Protein chains: 2
Amino acid sequence: METSQTVTAIMDAAQELVQTRGYNAFSYRDLAERVGIRTASIHYHFPAKSDLGGALVRRYAAAVGEARDRIEHEVQDAPTRLRRYAALLESVLRDGSRICLGGMMASDFATLPEPVQHEVTQFIADNERWLAGVMEQGRREGTLAFAGEAATAAGAFFGALEGAMFVARGCDDLERYRRSAEWLVEMLIAR
Amino acid sequence: METSQTVTAIMDAAQELVQTRGYNAFSYRDLAERVGIRTASIHYHFPAKSDLGGALVRRYAAAVGEARDRIEHEVQDAPTRLRRYAALLESVLRDGSRICLGGMMASDFATLPEPVQHEVTQFIADNERWLAGVMEQGRREGTLAFAGEAATAAGAFFGALEGAMFVARGCDDLERYRRSAEWLVEMLIAR
DNA sequence: GTCTATAAGATGATAGAC
DNA sequence: GTCTATCATCTTATAGAC
């Protein structure tokens, strides 16, 4: 089932708006203007805003999952995998000061319909599970050293990167994200 | 200049709504219902929503500043100061799954009027400056050990705590915040 | 699939009486 | 200070023609 150009254009515009402004700060009218169609046409493809929200999280989660797969395929050692993961989020931030869609939706969590909330929770769990695997690998290899369980380290690392995105944009200093990410990896490297 | 009961009630209700739902997901109507007055009365005290937003950030920043002062007065060593700072944000999260007002406003950053943006940036800078002092102190004392400059460590630590709040709420697992915070402090402690 | 037209309610905000 | 009344605009969403 290939996705139509219109649906892709709607989702691209919506994703940009969610990542920069948040789920509650854009309307079908904003989308209609950007895509060049009427709001009724958007409702044809996404009857309710929550349908669009859910579709955005699913598409984004799939894209990030593929990016994680590429990292796993292209680099092998744990520290480099962490750096590549951090660079993935940095590329999002560099693209018009966007925030990770998962992090932005997490910030709007209380206002999301339950099905969308669940997909956001899933996104977080997926990423933390993958990061926990990298943490365990690093400990096994002797390239990473950290306190407690791998899952705890993964959760703290993921939250730290998400928070670093918000803070960097809030200081109008995107370089700050890179410094935070590098510092975190540096603290994890075994000495 | 003492603040009237009405103004305090409006700000309390608004702060709770911003911290749980975000700046763009509450209205003067929501406030009016909670406070038990009409929207026109709120406009008398805060003509524009941005006036209210600005006042909220200033009041919150002052309260957090006083809390930091209390920490400095009550405990002396750097690791305990970091733990108390993390506990401060945890108490926010435990109070109805609220997010730090500064973090929430940072997530709404692109939609805020410029003066409010500036106050959010200030809030972040204030907290990072204080944390950088604690980091430097810890390194001097020999209680903390970390890579690079104290300001970098402080920035990463602050962002990590803010991110941990969003992630914990997004997983409906507030205990996750505490685990992340403790892990971060543990990684900073000199061995 | 996209359009026009329209609905029903929400939103930030103001004027002017009390 | 708080109220009623009102405004212009925005928002999500639907019905039905093309």
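Remember, it's a predicted structure, so these values are computed and weren't measured experimentally. Within every chain, numbering begins at 1; the chains are lettered A, B, ... in the order of the sequence lines, protein sequences first and strands thereafter. Heavy-atom basis, side chains included; hydrogens, waters and symmetry copies ignored.
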How would you label the contact of B:Ser4 with the nucleic acid (heavy atoms, under 4.0 Å): base, sugar-phosphate, or nothing? nothing
According to ring pair (Phe, Tyr, Trp, His ring centres under 6.0 Å), does anything in residues 5-49 of chain B pair up with another residue at least two apart or in another chain? List the pairs. B:Tyr28-B:His43
Listed once per pair and sorted, the salt bridge (charged side-chain N to carboxylate O under 4.0 Å, His left out) pairs that draw on residues 130-154 of chain B, sequence neighbours left out: none
Sequence neighbours excluded, every pair satisfying ring pair (Phe, Tyr, Trp, His ring centres under 6.0 Å) that has a member inside residues 125-174 of chain B: A:Phe166-B:Phe166, B:Tyr85-B:Trp130
Set of side chain to side chain donor-acceptor pair (under 3.5 Å) partners for B:Arg29, sequence neighbours left out: none
Scan nucleotides 14-18 of chain D against the protein and return all N/O pairs shorter than 3.5 Å with their distances rounded to 0.1 Å.
none

Can you tell me which residue pairs pass the salt bridge (charged side-chain N to carboxylate O under 4.0 Å, His left out) test with a partner in residues 63-82 of chain A, sequence neighbours excluded? A:Glu74-A:Arg84
With ring pair (Phe, Tyr, Trp, His ring centres under 6.0 Å) as the rule and sequence neighbours excluded, what pairs involving residues 88-115 of chain B come up? none
Does one side chain, of B:Asp108 or B:Thr111, offer a donor that lies under 3.5 Å from an acceptor on the other? no
Taking only heavy atoms on the protein side, list every residue of residues 11-23 of chain B lying under 4.0 Å from any atom of DNA chain C, sorted numerically. none
Hits for side chain to side chain donor-acceptor pair (under 3.5 Å) against A:Ser180, two or more places apart or cross-chain, chain-then-number order -> none
Which residues share a side chain to side chain donor-acceptor pair (under 3.5 Å) with A:Gln15, sequence neighbours left out: A:Gln19, A:Arg59
Note down the inter-axis angle between the two ends of the helix from C:dG1-D:dC18 to C:dC18-D:dG1, five pairs each, to the nearest 10°. 10°
Check every strand shown and say whether A:Tyr44 touches a base, only sugar-phosphate, or nothing at a heavy-atom separation below 4.0 Å. base
Salt bridge (charged side-chain N to carboxylate O under 4.0 Å, His left out): which pairs involve residues 32-42 of chain B, sequence neighbours left out? B:Glu16-B:Arg34
